[in-house]
Amino acid sequence: MLADASSSMFFPPERSTFAGDVDRLFDFIYYLSAFFFVAIVAVMVYFVLRYHRRKGHVETPSASHNEVLEITWSVIPSILVGFIFFYGFTKYLDMREAPENAYEIQVIAKQWSWQFIYPNGADSDELHIPVGQPVRFVLQSSDVLHSFYVPAFRIKMDCVPQRYTSTWVIANETTGEGIEKDAHEPYDLFCAEYCGKDHSRMLAKVYVHEQSDFDLWLEGAANYLEGIPPEEGGEKAFKKKGCTQCHSVEGDNSAKYAGPALNGQWGTERNVIPRGASSPEAVVMDENYIRESVREPNAKVVVGRKPVMPVFTPQLLKDNEINAIIAYLKSLK
Ligand code: CUA
């Protein structure tokens, strides 16, 4: 990171058009604070040594005021604070208002994964954007407060239930897939607001492409179930939608996973508590049970599990994706 000219001491390299401004202001405030901290402590230590109480010492009466000194210590800090406000406020306004021609991506935060939905209907669990173009993110949460944070871009915005928020960015360099020579590693995307048990695992990667590569990726992402067997497509959908965060497909029913393991379950009975009921009943894991569990997870909650699964609306998970996931679950031994 030291070899990269475009980085600050405290953040990853600057990869958006905002990043330089944010770092300059941050560094200015940081070094200003450091300067005054050292200066004030030094003067304090000096005064303690110089003027501490000694035997036989006669107290000086309180000093009267000193106009020059008082004006100095009022005017200089006011100028500094005014500068910080002006610089911060104008840059903040720039970061709030996306240009009208911005490319728009819907971001859905949920416990505990990210979903990105593109204008052509494609969606992904990693963020892909074109380089050098304003991209506006419309953020929403399907459960609790989350926060969308991409350190390399220096953008962070809350995702609030029942409300839309937004932020935007122009990425200034491509990432490639991280394998090409000279390509940057994909950037980290974090959830920056504590949102429950797996908050720290609510991560994604950000890929920045040349426009032509982005268009190709986008088309592939929209048609990812085509031309492959349904169980293979189902496996892709299962990973893409973040199901693996909460469901093991290797028989792990430990507390590490919020939901029950799903392999070898097809056609078997399980005990669930139907909504509003007090006693459990047995249901068979079949097509209708899977569909209901996805569209209305709280209709039947498996005994011993909490009702924490997010609702997958048709926008989040299309019917053909449910079909593919059913084929995949059937195939799991
Ligand atoms: Cu989502 Cu923390």
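In each ligand, atom 1 is the first atom listed, and ligand 1 is the first ligand listed. Values reported hereafter were calculated over all heavy atoms of this structure, with side chains retained and with hydrogens, waters and symmetry mates removed.
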Legend entry - N, O or S atom within E193 nearest to atom 2 (Cu) of ligand 1, by name: O
Legend entry - Angle in degrees, rounded to 10°, that SG of C195 and SG of C191 form at atom 1 (Cu) of ligand 1: 120°
Legend entry - Name of whichever N/O/S atom of H199 is nearest to atom 2 (Cu) of ligand 1: ND1
Legend entry - Under 3.5 Å side-chain donor-acceptor pair for Y224 and E321: yes
Legend entry - Partner residues of N263 under the side chain to side chain contact (heavy atoms under 4.5 Å, CB included) criterion, sequence neighbours left out: A261, L332
Inset, instruction - Look at the N, O or S atoms of C159, main chain and side chain alike, and state whether any lies under 2.8 Å from atom 1 (Cu) of ligand 1. - result: no
Legend entry - Exercise: do Q211 and D215 side chains pair donor with acceptor under 3.5 Å: yes
Inset, instruction - State whether M202 contributes an N/O/S atom found under 2.8 Å from atom 1 (Cu) of ligand 1. - result: yes
Legend entry - Row check, Y87 ring normal vs K91 NZ/CZ: under 6.0 Å, within 45°: yes
Legend entry - Any N, O or S atom of H146 closer than 2.8 Å to atom 1 (Cu) of ligand 1: yes
Inset, instruction - Determine, step by step, whether E70 and H65 satisfy the side-chain contact (heavy atoms from CB on, under 4.5 Å) criterion, reporting the C-alpha distance in whole Å, the side-chain angles of both residues, the deciding distance to 0.1 Å, and the verdict. - result: CA-CA 8 Å; E70 284 167 14; H65 74 271; 3.1 Å; yes
